[in-house]
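A short worksheet on the structure shown next.
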Amino acid sequence: MNILGIDVGGSGIKGAPVDLELGDFAESRLRIPTPSKSSPKNVAAVVAEVIENFKDQVADGTRIGLTIPAPVVHGRVPFIANLHKSWAGLEASKFFEDHLGRPVTLVNDADAAGLAEVYHGAAKGNDGLVIMTTLGTGIGSAIIYRGVLVPNAELGHVELDGSDAETRAASSIKEKEKLSYKQWAVRLQRYYSHIEMLFSPDLFVVGGGVSKDSEKFLPLLDLHTPIVPAKLRNRAGIIGAALAAHDADEHPESR
Ligand code: BGC
């Protein structure tokens with residue numbers, strides 16, 4: 001069965017029909033840049049464009065999975081770091097369902113990526129405590145214990161040396177400050193050893209676009225916890241969104 005997954009990020013909005021058995025895209029993905037004014041209305045218009053593009057593969061009225069780079073607490077976005085500030089306080093699930101005229105499962109982007117890595121990727125079969133982090137515009141995080149996701153962990157916003165961690169160690173900061181991998185790894189070391197001290201995880205999984213270059217920075221880190229790149233790379237958000245939508249159809253009580 002195919003379900004459309006759409007991943008809303010700080011720089012791009014990406015979608016693809018996902019083959020859930022395969023745990024991968026059924027068609028190549030479509031990416032549209034995030035509107036420079038990334039308000040809910042402007043983002044919803046792009047999401048509608050992505051849906052329209054795949055209308056032959058995804059039946060009318062079927063549920064889609066959608067991620068956003070913010071916590072989603074019972075459908076509401078309490079705060080937002082990297083999209084237009086007007087998202088804060090929005091009943092976002094209802095907003096998208098009204099705009100798109102179909103059921104929508106809205107989920108935090110890193111939680112979606114974590115789910116996908118548990119079902120089909122680097123965390124598959126791990127029955128301990130896994131912390132997935134995504135390094136991108138911000139730092140996203142997902143905590144998964146024995147295969148069950150603890151939603152809305154915001155470990156990108158822990159305070160490190162007086163700063164919000166993602167403003168020091170996200171990969172967008174590496175770009176912005178033109179840091180070498182070696183320089184960036186010093187910040188990552190500080191970040192991951194702090195998270196390691198707080199949680200004692202069994203495994204770190206590192207996703208986000210930069211995870212394709214993981215051999216340039218993961219070996220520079222010195223941690224007790226094994227740290228591995230995400231297997232699904234930046235496909236994890238879309239695949240996880242589709243998995244979450246499927247789950248919501250199967251277990252309506254959990255919506
Ligand atoms: C947001 C998280 C999100 C992460 C990655 C952070 O700024 O607060 O909810 O998962 O960025 O997009």
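Start at 1 and go down the list; that is how both ligands and their atoms are numbered. Position 1 is the first residue of the sequence; numbering continues from there.
The pair Arg168-Asp161 does not meet the salt-bridge criterion, since no charged nitrogen lies less than 4.0 angstrom from a carboxylate oxygen. Salt bridge Lys55/Glu52: present, at least one basic N to carboxylate O contact under 4.0 Å.
In this structure, a donor-acceptor pair under 3.5 Å is present between the side chains of Ser180 and Gln183.
Using the six-membered ring where Trp is involved, Tyr181 and Phe217 have ring planes that are parallel, under 30° apart on the 30 and 60° scheme.
The part of Ile139 lying near ligand 1 is the backbone, judged by heavy-atom distances below 4.0 Å. Counting heavy atoms under 4.0 Å from ligand 1, residue Ala70 touches it through the backbone alone. Residue Asn108 touches ligand 1 through its side chain alone, judged by heavy-atom distances below 4.0 Å.
Among protein heavy atoms, atom 9 (O) of ligand 1 sits closest to Glu154 OE2, 2.6 Å. Nearest protein neighbour of atom 11 (O) of ligand 1, counting heavy atoms only, is Glu166 OE1, 3.6 Å. The single protein non-hydrogen atom nearest to atom 12 (O) of ligand 1 is Asp109 OD2, 2.6 Å, given as residue, atom name and distance.
Of all atoms in ligand 1, numbered sequentially from 1 with element shown, those under 4.0 Å from a heavy atom of Ala81 are 7 (O). Atoms of ligand 1 lying under 4.0 Å from any heavy atom of His157, numbered from 1 in the order shown and given with element: 1 (C), 6 (C), 7 (O), 8 (O). Residue-ligand proximity, Pro69 to ligand 1, at heavy-atom distances under 4.0 Å covers atoms 1 (C), 2 (C), 3 (C), 9 (O), 12 (O). Ligand-side atoms of ligand 1 in range of Gly140: 4 (C), 5 (C), 10 (O), range being under 4.0 angstrom from any heavy atom. Interface atoms of ligand 1 facing Pro71, defined by a heavy-atom separation under 4.0 Å, are 9 (O).
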List the steps and the verdict of side-chain contact (heavy atoms from CB on, under 4.5 Å) for Leu106 and Ile68. CA-CA 7 Å; Leu106 192 66; Ile68 52 164; 4.2 Å; yes
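Under a 3.5 Å cut-off, the side chain of Glu117 and the backbone N or O of Leu232 do form a donor-acceptor pair.
In this structure, Phe204 has its ring center at least 6.0 angstrom away from the ring center of His224.
In this structure, CZ on Arg63 lies 5.0 Å from CG on Asp249, to the nearest 0.5 angstrom.
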